[in-house]
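What follows is a single structure, written as structure tokens, with notes after it.
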Amino acid sequence: MTAAGSFAQSTHVVPDKVAVVGAGMVGLATAWFLQERGIEVTVIDREGVAAGASWGNAGWLTPGLATPLPEPAVLKYGVRAVLSPSSPVYVPPTASPRLLSFLTRFARNSTAGRWKTAMDALVPINRQALTAFDFLGKAGVEAETYEAKSFLAAYRTVEERSVLLEEIEQIHAAGQDIEFEPITGDDAREIEPSLSDEIGAAIRLHGQRFINPGAYVQVLADSVVARGGRLRTGVAVNDVVDGIRDVRVVTSDGVSESYDAVVLATGAWLGKLAREFGVRTVVQAGRGYSFSVPIAHVPAGPVYFPAQRVACTPLGDRLRVAGMMEFRKPDAKLDPRRIDAIVEAARPLLRDADLDARTFEWVGPRPCTPDGLPLIGATSSPRVFAAGGHGMWGITLGPITGQLLAEQMTTGRTPDELAPFSPLR
Ligand SMILES: Cc1cc2nc3c(=O)[nH]c(=O)nc-3n(C[C@H](O)[C@H](O)[C@H](O)COP(=O)(O)OP(=O)(O)OC[C@H]3O[C@@H](n4cnc5c(N)ncnc54)[C@H](O)[C@@H]3O)c2cc1C
């Protein structure tokens with residue numbers, strides 16, 4: 001530890017009163033774990049609970065698959081994106097300089113070597129991700145996490161399947177356990193009659209879970225409030241003003257309130273408030289779409305079509321179908337062409353799903369960083385913290401993020417697991 005590090009520790013002041021900006025999975029989990037350590041919290045969201053990416057996502061709790069987004073295969077999808085409007089990755093033809101800079105950095109990180117370094121950073125928090133959900137459950141957060149009785153990655157051909165099998169080998173080599181078995185298309189259909197005859201090969205994954213993310217995050221919010229937390233919705237945080245002894249949070253209704261510390265958990269909007277606190281990593285919205293449809297045989301667990309990048313999750317008596325990675329501004333309007341692209345990709349692969357009876361068409365911004373790692377921890381101010389940038393995995397990693405960040409904020413020590421995620425990297 002450096003002299004500066006030990007000085008910071010010895011002078012660390014435990015905050016009594018913390019504002020958390022953003023009522024998504026990450027912000028609310030952080031607020032909850034801060035309360036666990038006796039801290040008074042106020043959660044502020046410009047819209048409401050789960051108004052960003054935390055509502056209509058696929059809800060998979062799959063630490064076994066939580067790998068860095070920049071990977072060698074993504075480069076291939078990038079090229080396809082330019083060629084085909086129905087590709088699962090969309091980059092606008094007139095990308096802004098900021099987006100171009102993000103994509104350039106993202107591409108630079110999409111090498112096997114960088115992937116391995118990022119994976120090494122993720123493995124320690126992935127290992128604890130489900131334990132953090134269990135902790136919440138045992139402490140009375142009454143939202144269910146469902147064991148995936150089956151979890152199938154399904155393909156048309158054995159050749160297509162080899163991409164994920166290779167990736168699983170690399171995941172294993174990085175020290176992350178994931179139990180799986182390759183199976184035939186017929187075996188896959190026996191397990192999940194919802195798969196069509198076009199499926200010729202699959203991988204069955206074990207030990208993963210899923211949730212209804214919007215419902216879960218709402219229960220988490222209710223729990224924060226029941227434990228004495230304050231939830232302010234419908235007001236945006238316009239400014240965070242760092243003082244010598246406190247930090248002031250200025251909201252769009254003109255109110256300015258004083259806190260001992262602030263956590264910025266604003267998902268794909270993180271850069272706006274975090275930049276002035278030394279957070280230079282661009283957080284780019286990788287927008288995903290979803291909708292829900294009736295299906296004759298609701299699967300017993302998630303079904304993934306990796307070649308199409310379409311993720312399906314059973315939610316009650318319907319199937320949520322999610323996909324696309326659209327690099328645009330987080331607040332851009334829903335583009336119905338992306339929904340059509342998901343529908344056309346999924347239609348031949350699902351049996352007896354009524355893809356034309358869609359409800360809850362939704363778009364939400366994955367908060368993506370160019371190196372595929374989240375930003376969790378202190379900023380250039382000792383009173384301002386960041387928690388975001390989890391990209392594809394903010395639901396799975398939200399609770400463990402909150403747990404470890406609350407530890408850092410109250411002890412002044414950075415848990416080893418968080419070291420690679422410094423917002424100042
Ligand atoms: C289609 C799709 C499928 C996905 N599937 C999965 C999955 O299966 N498993 C998984 O782990 N992850 C998945 N993800 C990723 C996951 O949804 C995100 O990583 C996660 O929701 C991010 O949570 P967050 O709390 O950081 O951000 P958000 O949920 O976006 O929350 C940020 C909040 O900040 C608020 N806010 C922004 N600016 C301000 C401001 N100035 N003042 C006040 N409030 C503000 C917003 O209103 C918003 O509510 C998926 C994402 C998509 C799009």
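Each ligand, and each atom within it, is numbered from 1 in the order the structure gives.
Residue nearest to atom 18 (C) of ligand 1, selected from Ala265, Ala268, Gly391: Gly391 (by heavy-atom distance). Of all the listed residues (Val26, Val21, Thr396, Asp45), Asp45 holds the heavy atom that lies closest to atom 47 (O) of ligand 1. Counting heavy atoms only, Ala58 comes closest to atom 5 (N) of ligand 1 of the residues Gly27, Ala236, Ala58, Ala29. For atom 41 (N) of ligand 1, the choice among Val237, Thr313, Leu270 with the nearest heavy atom turns out to be Val237. Here the shortest heavy-atom distance to atom 23 (O) of ligand 1, taken over Gly24, Gly402, Gly267, Ser54, belongs to Ser54. Distances from atom 34 (O) of ligand 1 to the heavy atoms of Gly22, Ala50, Gly394 put Gly22 nearest.
Only the side chain of Trp269 comes within contact range of ligand 1, with a heavy atom under 4.0 Å; no backbone atom does. Neither the backbone nor the side chain of Pro213 comes within contact range of ligand 1; no heavy atom lies under 4.0 Å.
Separation of the Tyr304 and Tyr155 ring centroids does not fall under the 6.0 Å cut-off. Between Phe291 and Phe360, the ring centre distance reaches or exceeds 6.0 Å.
For ligand 1, the polar-atom distance check against Ala53 finds a nitrogen or oxygen pair separated by under 3.5 Å. Among the atoms of Arg46, some N or O lies under 3.5 angstrom from an N or O of ligand 1. Considering both main-chain and side-chain atoms, Ala23 never comes within under 3.5 Å of ligand 1 through any nitrogen or oxygen pair. Between Gly59 and ligand 1, an N or O atom pair is found at a separation short of 3.5 Å. Taking distance alone, with nitrogen or oxygen atoms compared against 3.5 Å, His390 stays at or beyond that limit from ligand 1.
Side-chain contact check for Asp331 and Trp269: at least one donor-acceptor pair (N or O, by modelled atom type) lies under 3.5 Å. Thr359 and Arg318 are linked by a side-chain donor-acceptor pair at a separation below 3.5 angstrom, with hydrogens and angles left out of the test. For Trp32 and Ser223, the side-chain atoms include at least one donor-acceptor pair closer than 3.5 Å. A donor-acceptor contact closer than 3.5 angstrom is absent between the side chains of Trp115 and Ser110. Between the side chains of Arg351 and Ser194, no donor N or O sits under 3.5 Å from an acceptor N or O.
The ligand atoms of ligand 1 that sit less than 4.0 angstrom from a heavy atom of Gly288 are 1 (C), 53 (C). Those atoms of ligand 1 with a heavy atom of Met392 less than 4.0 angstrom away are 6 (C), 9 (N), 10 (C), 11 (O), 12 (N), 13 (C), 14 (N), 15 (C).
Using a 4.0 Å cutoff on heavy atoms, Ser290 does not count as a contact of ligand 1. At a 4.0 Å cut-off, at least one heavy atom of Gly364 sits close enough to ligand 1 to count as contact.
Looking only at heavy atoms of the protein, atom 39 (C) of ligand 1 is closest to Thr266 CG2, 3.6 Å. Protein heavy atom nearest atom 51 (C) of ligand 1, with residue, atom name and distance: Arg366 CG, 3.4 Å. The single protein non-hydrogen atom nearest to atom 4 (C) of ligand 1 is Asn57 CB, 3.2 Å, given as residue, atom name and distance. For atom 7 (C) of ligand 1, the closest non-hydrogen atom of the protein is Trp60 N, 3.5 Å.
Considering Arg337, Arg309, Arg338 in turn, Arg338 is the only one that fulfils the salt bridge (charged side-chain N to carboxylate O under 4.0 Å, His left out) rule with Glu326.
Salt-bridge formation is detected for the pair Asp371/Arg425: a Lys NZ or Arg NE/NH1/NH2 atom is positioned less than 4.0 Å from an Asp or Glu carboxylate oxygen. Using a 4.0 Å cut-off between charged side-chain N and carboxylate O, Asp242 and Arg383 make a salt bridge.
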*What do the steps show when you test Tyr259 against Glu257 for side chain to side chain donor-acceptor pair (under 3.5 Å), and what is the final call?*
CA-CA 7 Å; Tyr259 294 91; Glu257 288 181 333; 2.6 Å; yes
Item to check | Derivation and outcome, side chain to side chain contact (heavy atoms under 4.5 Å, CB included), residues Cys312 and Phe305 | outcome: CA-CA 8 Å; Cys312 306; Phe305 301 118; 4.0 Å; yes
For Phe180 and Phe151, run side chain to side chain contact (heavy atoms under 4.5 Å, CB included): C-alpha distance rounded to whole Å, both residues' side-chain angles, the deciding distance at 0.1 Å, then the answer. CA-CA 9 Å; Phe180 72 99; Phe151 194 133; over 6 Å; no
